[in-house]
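Naming: A, B, ... by sequence-line order, numbering from 1 per chain.
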There are 2 protein chains.
Amino acid sequence: MQDSHTSESTQKTIEETIVSGILSAKIRPGTRLSENQLATLFGVSRTRVREAMMRLETRGIVHVSPRRGWFVVEPSAEEAIAVYEARRVIEAGLLRSMRVLTDEGGKALDVHLNEEKTAMAAGDRQRLTYLMGDFHIRIAELSGNAIIVDILRDLTARTILISMLYQSEFHAAQSHDGHCRIFEAMQAGDFARAAELSIEHLDEVEMGLDLTTRPDPLSELRSSLSLPPKAVPSVSQLSDPKNHNFKGAIKTC
Amino acid sequence: MQDSHTSESTQKTIEETIVSGILSAKIRPGTRLSENQLATLFGVSRTRVREAMMRLETRGIVHVSPRRGWFVVEPSAEEAIAVYEARRVIEAGLLRSMRVLTDEGGKALDVHLNEEKTAMAAGDRQRLTYLMGDFHIRIAELSGNAIIVDILRDLTARTILISMLYQSEFHAAQSHDGHCRIFEAMQAGDFARAAELSIEHLDEVEMGLDLTTRPDPLSELRSSLSLPPKAVPSVSQLSDPKNHNFKGAIKTC
DNA sequence: CTTTCCTGTCTTGTATGCAAGATAGCCACA
DNA sequence: TGTGGCTATCTTGCATACAAGACAGGAAAG
């Protein structure tokens with residue numbers, strides 16, 4: 001979003017810029033996406049921005065409030081639960097359907113987990129957020145099924161938005177451990193176990209959410225009043241000062 | 001598509017009309033969807049038609065060939081395999097995640113299976129096509145998870161398009177039996193078994209496809225030349241004469 | 001001081017106009 | 001007869017203009 005874009009960007013670029021902004025937690029839920037501003041930023045007319053918005057809307061990532069504007073979705077508690085449920089269903093189903101972990105696949109996951117470790121050691125939270133979500137997409141990529149990858153990518157984006165709204169604590173190490181355990185089960189060829197671990201892992205993350213403090217009507221009211229989203233509480237300020245939108249670290253897997 | 005539409009239809013209506021046309025096998029893969037024609041049919045400008053097309057494109061139901069037109073997708077053999085794989089993953093994962101079959105849920109499925117039986121007895125193929133696909137959506141609805149329902153609806157639409165392209169034989173009774181067995185396992189509370197049966201059922205249907213006769217490059221070439229898709233062979237003409245687009249019955253679940 | 005209403009401004013919703021690529025048909029020419 | 005190229009026409013791509021609702025701020029009335 002705050003990138004300076006030279007003009008002549010294609011539609012896909014608008015869409016993917018916003019999605020990757022969400023995947024790396026640079027764009028918060030409830031962010032207003034003005035057609036005019038985006039058109040200026042990308043050097044195109046409103047028409048193309050609108051097309052990108054409509055695509056993102058069908059992907060469940062933005063929504064439009066008629067004649068008021070486009071907003072990054074702020075999933076309700078019920079929607080949050082549905083997203084995690086959908087992820088458990090799909091990711092566990094996917095792992096159960098796997099039969100082998102190829103050498104390249106194992107290597108790719110190993111590289112990824114090392115990247116997670118590096119980002120944790122470096123305290124690079126933005127990258128960590130991205131990597132924590134990306135792990136699950138990497139697993140989907142192992143299946144070679146582009147349909148499932150796309151579905152999980154969108155669900156991951158929503159998951160990150162949910163984390164930004166409802167997550168009170170951050171246990172990067174716990175999530176990383178969960179990923180490692182899933183990987184180990186896969187290496188051992190025990191995909192049923194990997195599926196179970198995946199469900200447990202998602203349960204853990206979901207348990208770390210506080211789905212009661214932010215009832216939906218309040219959230220709607222707040223955005224109607226154009227107030228900034230309430231800061232996530234109880235995360236003492238250790239955030240990167242150059243990114244004042246980033247309210248504490250996010251556990252994203 | 002051949003409905004006469006009085007004007008002032010909303011965007012959603014364009015989208016849903018096309019999707020439901022596919023779900024009931026009234027619209028064939030490769031069908032050209034002219035912006036101008038649809039605009040006239042629905043009494044709106046091209047703008048809104050384009051928006052509907054873009055939404056359908058992100059749902060994987062239509063695609064655009066630049067400056068040539070919009071077309072209902074003709075999934076390649078590889079894509080067909082991916083769709084069935086995705087359905088196995090999601091539907092089996094969904095069934096495995098279920099814990100109870102409520103009374104209403106059981107009743108809804110029972111009603112549905114009776115509708116299937118009725119349509120089979122009546123030889124109402126269009127309705128049967130719709131019902132065979134709808135069974136799986138009904139199961140998703142039992143979970144109460146709107147995300148999964150939406151995903152499976154779109155995959156079902158693609159499945160029907162695949163059937164129209166590649167299916168050589170029609171075993172409605174076999175599919176119906178598969179549905180019944182899944183239902184029985186669910187009633188018995190054995191959801192792991194239901195998941196396995198669901199995978200077997202989808203395997204059966206996929207096996208009934210002939211994914212070799214229609215290699216992708218040929219299909220692309222054909223549509224480039226604006227030739228009509230090759231009729232599905234070996235289905236002796238028992239189709240309803242009032243719908244000459246309907247090339248034999250379709251097994252859709 | 002409070003409330004109501006009005007108006008200016010900003011937003012998206014929708015239609016339309018024009019540009020540019022793709023295609024088909026025809027004609028000239030070998 | 002076959003071939004190359006031109007043109008007319010049809011398609012989508014994209015920008016723009018205008019309509020109409022939502023909102024904020026201020027003025028006026030109580």
Side-chain angles (χ1 to χ4, degrees), chain A residues 1 5-18 30-59 61-74 217 219-228, chain B residues 1 5-18 30-59 61-74 219-229:
Chain A
M1 288 292 288
H5 275 276
T6 63
S7 51
E8 56 212 51
S9 306
T10 164
Q11 235 138 306
K12 267 278 166 52
T13 309
I14 302 177
E15 224 179 310
E16 287 317 309
T17 300
I18 290 172
T31 302
R32 179 147 172 273
L33 298 173
S34 157
E35 291 183 4
N36 273 319
Q37 287 180 17
L38 289 173
T40 305
L41 271 171
F42 285 89
V44 296
S45 80
R46 276 180 53 219
T47 304
R48 297 180 69 184
V49 173
R50 274 180 74 75
E51 288 172 356
M53 290 299 113
M54 308 245 172
R55 290 188 148 100
L56 288 173
E57 190 180 37
T58 84
R59 293 171 66 179
I61 290 174
V62 307
H63 77 110
V64 63
S65 179
R67 303 202 193 258
R68 294 207 330 110
W70 295 91
F71 300 88
V72 176
V73 294
E74 299 180 272
S219 165
E220 267 184 22
L221 181 61
R222 188 182 310 111
S223 81
S224 300
L225 298 169
S226 298
L227 293 175
Chain B
M1 287 293 289
H5 274 277
T6 64
S7 51
E8 57 211 52
S9 306
T10 163
Q11 235 138 308
K12 267 279 165 51
T13 310
I14 301 177
E15 225 181 309
E16 286 317 309
T17 301
I18 290 172
T31 302
R32 181 148 170 272
L33 298 173
S34 158
E35 291 182 4
N36 272 320
Q37 287 179 18
L38 288 173
T40 304
L41 271 172
F42 285 88
V44 297
S45 80
R46 276 179 53 219
T47 305
R48 298 179 69 184
V49 174
R50 276 180 72 76
E51 289 172 356
M53 290 298 113
M54 307 245 173
R55 289 189 151 100
L56 288 173
E57 190 180 37
T58 82
R59 293 172 65 180
I61 290 173
V62 308
H63 78 110
V64 64
S65 178
R67 304 201 192 258
R68 295 207 330 110
W70 296 90
F71 299 88
V72 176
V73 294
E74 298 180 273
S219 166
E220 268 185 20
L221 181 61
R222 187 183 310 112
S223 80
S224 298
L225 299 169
S226 298
L227 293 175

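When the C1' atom of C:dT12 is taken as reference, atom CZ of B:Arg48 falls 13 Å away, rounded to whole Å. With rounding to whole Å, A:Arg50 atom CZ is found 12 Å from C:dA15 atom C1'. Distance B:Glu51 CD to D:dT12 C1': 15 Å, rounded to the nearest Å. Taking atom CH2 of residue B:Trp70 and atom C1' of nucleotide C:dA22, one finds them 16 Å apart after rounding to whole Å. As a whole-Å value, the separation of B:Phe42 CZ from C:dT14 C1' is 17 Å. Put simply, CE on B:Met54 is 15 Å from C1' on C:dT14, counting in whole angstrom units. Atom P of nucleotide C:dC18 and atom CG of B:Asn36 are separated by 16 Å, given to the nearest angstrom. One can place CD of B:Glu57 at 13 Å from P of D:dT12, the figure rounded to the nearest angstrom.
Here A:Glu51 contributes atom CD and B:Met54 contributes atom CE; the two are 3.0 Å apart, rounded to the nearest 0.5 Å.
With distances taken from any side-chain atom of A:Glu35 to the nucleotides D:dT12, C:dT12, C:dT14, the minimum falls on C:dT12. Comparing atom distances between the B:Arg68 side chain and each of C:dT23, C:dT11, C:dA15 picks out C:dT23 as nearest.
For A:Thr47 against D:dT16, a side-chain-to-base donor-acceptor contact under 3.5 Å is present. A:Arg67 contributes a side-chain N or O that forms a donor-acceptor pair with the base of C:dT12 under 3.5 Å.
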Report the C-alpha separation of B:Gln37 and B:Thr40 in whole Å, then their side-chain angles, then the decisive distance to 0.1 Å, and conclude whether the side chain to side chain contact (heavy atoms under 4.5 Å, CB included) test is met. CA-CA 5 Å; B:Gln37 287 179 18; B:Thr40 304; 5.8 Å; no
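If you check every strand for non-hydrogen atoms under 4.0 Å, B:Ser34 touches sugar and phosphate atoms only.
Remark: side-chain polar atoms of B:Ser65 are not paired, donor with acceptor, to backbone N or O of B:Arg68 under 3.5 angstrom.
Between C:dT16 and B:Arg46, no contact under 4.0 Å exists linking OP1 or OP2 to a side-chain N or O.
In this structure, A:Met53 and A:Leu33 have side chains that are in contact, with non-hydrogen atoms separated by less than 4.5 Å. In this structure, the side chains of B:Trp70 and B:Val49 stay at 4.5 Å or more apart for every pair of heavy atoms.
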